[in-house]
Amino acid sequence: IFYEITLALLRIIFRYIFVNKTHIFIINIVGDYFFIIGVNMCGIIGYIGKNVEENLFEGLKRLEYRGYDSAGMTVMRNGNFDTYKSVGEVDNLKAKLKFNEEFGYGIAHTRWATHGKITIENCHPHFSSNGNIAIVHNGIIDNFEDLKIQLQAKDKCFVSQTDSEVVAKLLDKLNIN
């Protein structure tokens, strides 16, 4: 029943369109997938159900359409994250995946570098300091350098050169366990 309730909530929450200064985002659910599609963005996909790694990978392949430099995914199963990242084409990610048929949920991302070099460390997803929150992000955080300095002053450690990791560290304040 948890699966049905979660999927129903996601269908309610994620079916909308919003616009900001530089992007148009369309969030829609097709079957068990939820896609976040936009203009001038990388690809983000989420999935809830069985065969999560396989379905996320197939979703990334469907979203692959222009010079992405890396891809990554995180799958939550039984309270644990499994994370996979690779540079280059989405196909490079497939060799790293451990396919599992059990129920789970996850997020995946293809990156087009705007901040930081093309490295495994800069691939999404990024994590909160306590490791309980995984995020993927599209867009640019204009004041990320100022935020990063403030967070480092509070003993937050950063792994990547990306602006997106700042979001993950800011979410530590939620104290999600």
Side-chain angles (χ1 to χ4, degrees), residues 1-18 23 25-39 41-113 118-139 159-160 162 164-165 167-168 171 174 176-177:
I1 189 138
F2 174 76
Y3 170 75
E4 287 84 11
I5 292 170
T6 303
L7 194 55
L9 287 173
L10 284 173
R11 285 193 170 122
I12 292 166
I13 294 168
F14 288 116
R15 189 171 286 150
Y16 64 91
I17 297 174
F18 66 93
H23 298 87
F25 301 92
I26 303 166
I27 301 175
N28 198 7
I29 294 186
V30 179
D32 290 341
Y33 294 92
F34 54 97
F35 291 91
I36 303 175
I37 306 164
V39 179
M41 342 179 3
C42 304
I44 293 176
I45 184 169
Y47 181 79
I48 299 172
K50 294 184 176 184
N51 302 304
V52 181
E53 291 86 353
E54 178 181 347
N55 284 296
L56 287 175
F57 178 77
E58 290 304 318
L60 288 179
K61 289 296 290 176
R62 291 180 192 178
L63 293 174
E64 186 177 36
Y65 64 94
R66 61 177 179 166
Y68 296 127
D69 56 60
S70 59
M73 75 172 66
T74 293
V75 175
M76 171 70 86
R77 216 180 255 112
N78 301 318
N80 297 308
F81 284 128
D82 289 321
T83 300
Y84 313 93
K85 298 180 178 187
S86 69
V87 296
E89 297 176 4
V90 171
D91 281 331
N92 296 346
L93 186 63
K94 189 170 189 174
K96 296 183 175 196
L97 297 178
K98 296 176 186 165
F99 293 100
N100 187 326
E101 294 181 5
E102 293 178 31
F103 176 85
Y105 52 94
I107 54 175
H109 182 273
T110 52
R111 182 172 182 258
W112 191 6
I118 301 168
T119 65
I120 293 292
E121 293 80 17
N122 289 334
C123 292
H124 295 223
H126 295 293
F127 291 86
S128 58
S129 295
N130 63 14
N132 291 335
I133 302 171
I135 67 107
V136 295
H137 163 255
N138 284 324
V159 175
S160 78
T162 68
S164 302
E165 191 178 9
V167 174
L171 290 174
L174 297 178
I176 297 174
N177 294 317

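Computed from a predicted structure; not experimentally measured. By convention here, the first residue in the shown sequence is residue 1.
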Between the side chain of Ser128 and the main-chain N/O of Ile133, is any donor-acceptor distance below 3.5 Å?
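Yes; judged by distance alone, with no hydrogens or angles, the pair exists.
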Could you tell me whether the side chain of Lys50 and the main chain of Glu102 form a donor-acceptor pair under 3.5 Å?
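No: the side chain of Lys50 does not pair with the backbone of Glu102.
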Between atom [atom1] of [X] and atom [atom2] of [Y], what is the distance when rounded to the nearest 0.5 Å?
X      : Y      : atom1 : atom2 : result
His137 : Ser164 : NE2   : OG    : 5.0 Å
Phe103 : Asn78  : CZ    : CG    : 10.5 Å
Ile44  : Ile135 : CD1   : CD1   : 8.5 Å
Leu60  : Thr110 : CG    : OG1   : 6.0 Å
Ser86  : Lys94  : OG    : NZ    : 13.0 Å
Ile120 : Thr83  : CD1   : OG1   : 12.0 Å

Search all heavy atoms of [X] against all heavy atoms of [Y] and return the closest pair with its distance.
X      : Y      : value
Thr74  : Pro125 : OG1-CG, 3.1 Å
Val87  : Cys123 : CG1-SG, 4.4 Å
His109 : Val136 : CB-CG1, 3.6 Å
Lys96  : Lys85  : NZ-O, 2.9 Å

Quick one: side-chain contact (heavy atoms from CB on, under 4.5 Å) partners of Ser160, sequence neighbours excluded?
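Here the qualifying residues are Asn122, His126, Thr162, Glu165.
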Excluding sequence neighbours, so at least two apart, what forms salt bridge (Lys or Arg N to Asp or Glu O under 4.0 Å) with Asp91?
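Partners of Asp91 by the salt bridge (Lys or Arg N to Asp or Glu O under 4.0 Å) criterion, ordered by chain and then number, come out as Lys61.
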For Tyr84, which residues count as a ring-ring contact (aromatic ring centres under 6.0 Å, His included) partner, sequence neighbours excluded?
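Tyr84: no ring-ring contact (aromatic ring centres under 6.0 Å, His included) contacts found.
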Residue pair Asn100 / Glu53, side-chain heavy-atom distance below 4.5 Å
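Yes, at least one pair of side-chain atoms sits under 4.5 Å.
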Aromatic contact between Phe99 and Phe57, with the criterion being ring centroids under 6.0 Å apart: yes or no?
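They do not qualify: ring centres at least 6.0 Å apart.
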Criterion side chain to side chain contact (heavy atoms under 4.5 Å, CB included) against Met73, the qualifying member of Ile107, Val52, Leu97
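Checked Ile107, Val52, Leu97 against Met73; only one passes side chain to side chain contact (heavy atoms under 4.5 Å, CB included): Leu97.
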